Amino acid sequence: MADVVVAGGGPAGAACALVLARSGFDVTVLERARFPRRKVCGEYLNIGAVAALDELGVGERVRELAQPLLGVRLIPPGLDPVELRFPAPALALARETLDEILLNAAAAAGARVERARVEDLSYANGRFTGVVARDEAGTMATYPARFVVGADGSGSLVARKLGLVRPSRGARRFALGGHYRGFGDLGGYIEMYVGAGAYFALNPLDGERVNVMVVVRDVQLAEWSQAVDEGMRGKAAELGRGRRSFAAAERIGSRVSFGPLAFDVHGVVRPGAYLAGDAGGFLNPFTGQGVYLALRGGADAGEAIARTFAQPAREAAYAAGYETRRMRDFAVRRRLSHVVDLLVDVPLLARRAAARLQRFPELGETLLGALGGAVSPERGLSPALLGRLLV
Ligand SMILES: Cc1cc2nc3c(=O)[nH]c(=O)nc-3n(C[C@H](O)[C@H](O)[C@H](O)COP(=O)(O)OP(=O)(O)OC[C@H]3O[C@@H](n4cnc5c(N)ncnc54)[C@H](O)[C@@H]3O)c2cc1C
């Protein structure tokens, strides 16, 4: 029997496995995809993610391959761009590269990584006791473990099997995009074109490749029906207003899509089981904090489990501590995401906020710091900041 079986080898699963394997625990990671694999993502690593990668010991390797980012250029409807500089260096790196570095680091630390799709959980005597998974050849096997970690992303099967999923609120949005060349020089800035209910984002991955994401409501996607590429180009042209468009762009590899951009849970622990990363709730990707939260959450879950092995009598306290940290932090970040949603949805508010950010760049720095872990997320919701931004 393994000490821990982790479902999913993305940033949350790899961080959790790495922390546990380094402490000498017997960890198995089951990942359904063959790495390197694409993951629909803006591929922006905020300040907090960069710090977490350093703590996990892979920061140097990531920096060798990543593109430094200076800040975000926000372009709301009918206004000049607002440039927000990051208070400390952020990075851009394709997820196929980042996730492979992380999973390889977990394997190098001693975690067993196997290709298999988790399909069920096993349960006995009031606690979860392992997972049931199908390997590449289609064979089902049980993986018994003292702890199960669900790090299987948004829409998590483990979260469903634990009975922790709850309906998510808010607008249903979908993301479409891919890697492109030919968008021109972004000067080390992410560009975000925001319009009623939609946005078009560009992130420079290197001198040639740009990560492009177009995020729209589900009704919009339904209208495009079979002509998704044309719809995406049209939306980008409308939001980009001549500054950026797909006219001279060429896609590298396939188009990717993901949605709905919503997934929520009412708890992240059950006896013998933890959820980490997107499996424990998903926030508006516009805010670019998913990888940071996945790395922190995965490592935090790993540490809580490691402490439990050292002091089994305190299992409930360690689990409750993890859950409280996660749910509190998430509640604040969800509110922060709703504010961002409002700015995306209501052009008048977007224009007002942009004008204020233009005049008071320190507001933007605080917001980016709150989203990126440089300051507490509460700072981004302080009445003083919101008042100066919106009223
Ligand atoms: C459109 C979009 C843009 C985004 N942009 C950014 C951004 O710029 N910056 C940022 O920080 N975050 C961004 N995010 C969020 C970020 O991608 C996620 O928060 C992050 O990937 C979460 O990591 P994770 O490890 O929890 O899950 P994932 O990265 O989703 O990894 C889960 C892993 O589990 C595997 N898996 C799933 N089911 C099973 C199963 N049953 N059995 C075995 N394996 C399984 C999957 O193959 C996958 O490898 C974006 C998200 C979207 C959708």
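Counting starts at 1 for both ligands and their atoms, in listed order. Residue numbers run from 1 in the order of the sequence given. Quantities reported herein were computed from a predicted structural model and do not represent experimental measurements.
A salt bridge links Asp329 with Arg333: at least one charged nitrogen is closer than 4.0 Å to a carboxylate oxygen.
Closest to atom 14 (N) of ligand 1 among all protein heavy atoms lies Cys41 SG, 3.8 Å. The protein heavy-atom contact nearest to atom 27 (O) of ligand 1 is Gly153 CA, 3.7 Å. With hydrogens left out, the protein atom closest to atom 34 (O) of ligand 1 is Gly8 CA, 3.3 Å, a heavy atom. Pro285 CB, 3.6 Å is the protein heavy atom nearest to atom 50 (C) of ligand 1. The nearest heavy-atom contact from the protein to atom 41 (N) of ligand 1 is Val118 O, 3.0 Å. Ranking protein heavy atoms by distance to atom 52 (C) of ligand 1, first place goes to Val40 O, 3.6 Å. The protein heavy atom nearest to atom 17 (O) of ligand 1 is Arg95 NH1, 3.1 Å. Looking from atom 35 (C) of ligand 1 to the surrounding protein, the closest heavy atom is Glu31 OE1, 3.2 Å.
The cationic atom of Arg73 (NZ for Lys, CZ for Arg) lies less than 6.0 Å from the six-membered ring centre of Tyr189 and within 45° of the ring axis. Taking the centre and axis of the six-membered ring of Phe330, the NZ or CZ atom of Arg334 falls outside the cone set by 45° and 6.0 Å. Relative to the ring axis of Phe258, Lys39 places its NZ or CZ within 45° and under 6.0 Å from the centre.
Between Leu261 and ligand 1, not a single N/O pair is under 3.5 Å apart. Some N or O of Arg32 is nearer than 3.5 Å to an N or O of ligand 1, by distance alone. Remark: ligand 1 and Gly42 share an N or O pair separated by less than 3.5 Å (distance only, no angle test). At least one N or O atom of Glu43 sits closer than 3.5 Å to an N or O atom of ligand 1. For the pair Met213 and ligand 1, the shortest N or O to N or O distance does not fall below 3.5 Å. Considering both main-chain and side-chain atoms, Arg37 comes within under 3.5 Å of ligand 1 through a nitrogen or oxygen pair. At least one N/O-N/O distance between Gly290 and ligand 1 falls below 3.5 Å.
When ring centroids are compared, Tyr274 and Tyr322 come within the 6.0 Å threshold. Taking the six-membered ring for Trp and the full ring otherwise, Phe147 and Phe128 have centroids separated by 6.0 Å or more. Between Phe282 and Phe263, the ring centre distance reaches or exceeds 6.0 Å. In this structure, Phe86 has its ring center under 6.0 Å from that of Tyr44.
Between the side chain of Gln67 and the main chain of Pro204, no donor-acceptor pair closer than 3.5 Å is present. Without hydrogens or angle criteria, Thr139 side chain to Asp135 main chain gives no donor-acceptor distance under 3.5 Å. Looking at Arg85, its side chain never comes within 3.5 Å of a backbone N or O of Gly364 through a donor-acceptor pair.
Remark: ligand 1 atoms within the under-4.0 Å shell around heavy atoms of Lys39 are 17 (O), 21 (O), 28 (P), 29 (O), 30 (O). Numbered from 1 in the order shown, with element, the atoms of ligand 1 that lie under 4.0 Å from a heavy atom of Gly277 read 26 (O). Listed by number with element, the atoms of ligand 1 under 4.0 Å from a non-hydrogen atom of Phe282 are 53 (C). Every atom of ligand 1 is numbered from 1 in the order shown, and the set under 4.0 Å from a heavy atom of Leu30 is 43 (C), 44 (N). Residue Ala12 approaches ligand 1 through these ligand atoms, each under 4.0 Å from one of its heavy atoms: 25 (O), 26 (O).
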Subject >> CA sep, side-chain torsions, deciding dist, call: Val50, Arg63, side chain to side chain contact (heavy atoms under 4.5 Å, CB included) >> reply: CA-CA 9 Å; Val50 175; Arg63 272 190 203 85; 3.4 Å; yes
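Heavy atoms of Ala294 found under 4.0 angstrom from ligand 1 belong exclusively to the side chain. At a heavy-atom distance under 4.0 Å, only side-chain atoms of Ala175, from C-beta outward, approach ligand 1. Contacts between Glu119 and ligand 1, counted as non-hydrogen atom pairs separated by less than 4.0 Å, are absent for every part of the residue. Contacts of Tyr44 with ligand 1, taken as heavy-atom pairs under 4.0 Å, involve both backbone and side chain.
Scanning Val291, Leu295, Asp278, Leu103 for the heavy atom closest to atom 22 (C) of ligand 1 points to Asp278. Of the listed options Cys16, Ser154, Gly10, Gly10 places a heavy atom closest to atom 31 (O) of ligand 1. Evaluated by nearest non-hydrogen atom to atom 38 (N) of ligand 1, the leading choice among Leu176, Asn46, Asp152 is Asp152.
Ligand 1 lies less than 4.0 angstrom from a heavy atom belonging to Ala151. The closest approach between any non-hydrogen atom of Ala116 and ligand 1 is below 4.0 Å. Heavy-atom distances between Ala7 and ligand 1 stay at or above 4.0 Å for every pair.
For Glu191 and Tyr193, the side-chain atoms include at least one donor-acceptor pair closer than 3.5 Å. In summary, the side chains of Glu43 and Asn211 do present a donor paired with an acceptor at a separation below 3.5 Å, with no hydrogens or angles considered. For the 3.5 Å distance criterion, the side chains of Glu303 and Tyr318 fail to qualify, holding no donor opposite an acceptor.
Under the side chain to side chain contact (heavy atoms under 4.5 Å, CB included) rule, Leu98 has a single partner from Val58, Leu103, Leu93, which is Leu93.
Interatomic distance, Arg356 CZ to Gln358 CD, rounded to the nearest 0.5 Å: 13.0 Å.
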